[in-house]
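What follows is one structure encoded as structure tokens, with my remarks underneath.
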Protein chains: 2
Amino acid sequence: MAKTTKSAPLRGPRKAGPEATRQKILDAAEILFAERGFHSVSVRDITAAAGVDVALVHYHFGNKQLLFETVFMRRAELLNAERLRRLEAVVQRAKPRAPKVEEIIDAFTHPLLDRSARGGPGWKAYFALIAQVNNSTEFGGLMMTRYFDPVVHAFIAALRRAFPGCDERELYWSYHFLSGALTLTFAETGRIDNLSQGACRSNDLDSVHQRLVPYVAAGFRALCSRSSTTPARRKRKTL
Amino acid sequence: MAKTTKSAPLRGPRKAGPEATRQKILDAAEILFAERGFHSVSVRDITAAAGVDVALVHYHFGNKQLLFETVFMRRAELLNAERLRRLEAVVQRAKPRAPKVEEIIDAFTHPLLDRSARGGPGWKAYFALIAQVNNSTEFGGLMMTRYFDPVVHAFIAALRRAFPGCDERELYWSYHFLSGALTLTFAETGRIDNLSQGACRSNDLDSVHQRLVPYVAAGFRALCSRSSTTPARRKRKTL
DNA sequence: GTCTATAGCTTGATAGAC
DNA sequence: GTCTATCAAGCTATAGAC
């Protein structure tokens, strides 16, 4: 029993210390926010689910809004690190050429879909939360930009190399469509289950990934190849 | 002045009658729900914005939830009718062959993007609301299914004819990705403005439509052609 | 149909004992 | 760090005058 230093004080089944309390609050908040959205979950709901006192949210996080952002940030950092690692690996492996579009998209989406499928209920809830935030007028523009833009810029830089001479706007709009398709998947609303009368299931993320990558890659090629190879033939069409 | 029947009683600038009150409440609710979501908007917020009394929401709609569903339904019926008309026109024009994929997708998306772009603030808000509902764990599965599945089934039937022998699941997942890309567009969160440093603008829906159609058409072809023409080459890939 | 008034609760947040 | 106790403000909903 050499572990009696003060770096892990009183680490037992009963009293787990302030860090454990923080994590219990974050875990409970994550699930409730994902299920019902920011505004319909009260601080009391969260602390009751976490099995801690009401006042501790304000002690540890300041207020409800800051708790929300902490939930959002906690897993974003892990995700972004892995996605950048994967992207770098793909780029290195393809050198000196640019990687295939499919490989770039896979590096971007696989770490997310894999965790949502197999990371446990915390990850599942987190991605459902992302789905709501991404499509929210209130939070979408600010929070997604703040926590995910760095990794998106790296991703777009890789795609820029895959489509030399491509108009920047085609790349950004193509990414926008990918973002919408991906985050709707995270929501797992069950709508496709109803629509397909059971042929497809919202929670079958392996099926999604298998299809999302070629679908999106084809979309990128449709927009980003034509703008460089056939700029004159581009139709000027009003809506 | 032959219009003195009781079908339009007291139609003046001051007292506009109960139907006008209903519409004022719906208009205000639509904008507020779109801006801040269902739960963060109070009945008082709505009636204050509408310039009517608090109690009238309950008189006219029963409760807050039923008001929400009425807002959602009001424009859905108009939209669905026009989309079915457009789809039918495209199908008739192409007979006896199936229409081009691009034409089918255009019939599905144009009525929406056109109204969001040029229909005024009520339509704009309505589509932002759709964006949130579609990605919501709480409302998405139920409400989108209830109000939009009939038109989606007609749309998928047309695509089925365009991809004869295609696996049903490819059609449904392809539609799912379209739905995500489209509804994120409706949210107009400003994220792409930040990401592209102004090169793309969330509210430039003409640009979106010009790109969404070929992007999605290419995606559909990537998934729905291969499943019928090259079933043996289909890779069995785990996530 | 519209309004006033209010019942009955829940909310986010905090002050202060331990 | 954690808890008890409480506050002021906000909420949905309704009863009843007009």
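To find a chain, count down the sequence lines: A is the first, B the second, and so on, and within it residues start at 1. None of the values given here were measured: they were computed from a predicted structure.
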Report yes if at least one side-chain N or O of [X] is closer than 4.0 Å to OP1 or OP2 of [N]; otherwise report no.
X: His39(A); N: dT11(C); result: no
X: Thr21(B); N: dG1(C); result: no
X: Ser42(A); N: dT11(C); result: yes

Any idea which of dT14(D), dA13(D), dG12(C) is nearest the Lys64(A) side chain? dG12(C)
Between dC3(D), dA15(D), dT11(C), which nucleotide has the shortest distance from any of its atoms to the side chain of Ala55(B)?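 Nearest to the side-chain atoms of Ala55(B), counting from C-beta on, is dA15(D).
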Quick one: [X] [atom1] to [N] [atom2], roughly how many Å, whole number?
X: Leu67(A); N: dT11(C); atom1: CG; atom2: P; value: 15 Å
X: Arg44(A); N: dG12(C); atom1: CZ; atom2: P; value: 7 Å
X: Phe38(A); N: dT11(C); atom1: CZ; atom2: P; value: 13 Å
X: Asp53(B); N: dG16(D); atom1: CG; atom2: C1'; value: 13 Å
X: Tyr59(B); N: dA15(D); atom1: OH; atom2: P; value: 15 Å
X: Ile46(B); N: dG10(D); atom1: CD1; atom2: C1'; value: 15 Å
X: Leu56(B); N: dT14(D); atom1: CG; atom2: P; value: 14 Å
X: His58(A); N: dA15(C); atom1: NE2; atom2: P; value: 12 Å

Between Phe72(B) and Phe139(B), does the ring centre distance come in under 6.0 Å?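 Not under 6.0 Å, so no.
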When you measure from the side chain of Ser116(A) to the backbone of Leu112(A), do you find a donor-acceptor pair of N or O atoms at a distance under 3.5 Å? no
Using atom types as modelled and distance alone, determine if a side-chain donor or acceptor of Arg83(A) lies under 3.5 Å from a backbone N or O of Phe108(A).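 Pair found, side chain donor or acceptor close to backbone of Phe108(A).
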Ionic contact status for Arg115(A) with Glu82(A), cut-off 4.0 Å: yes
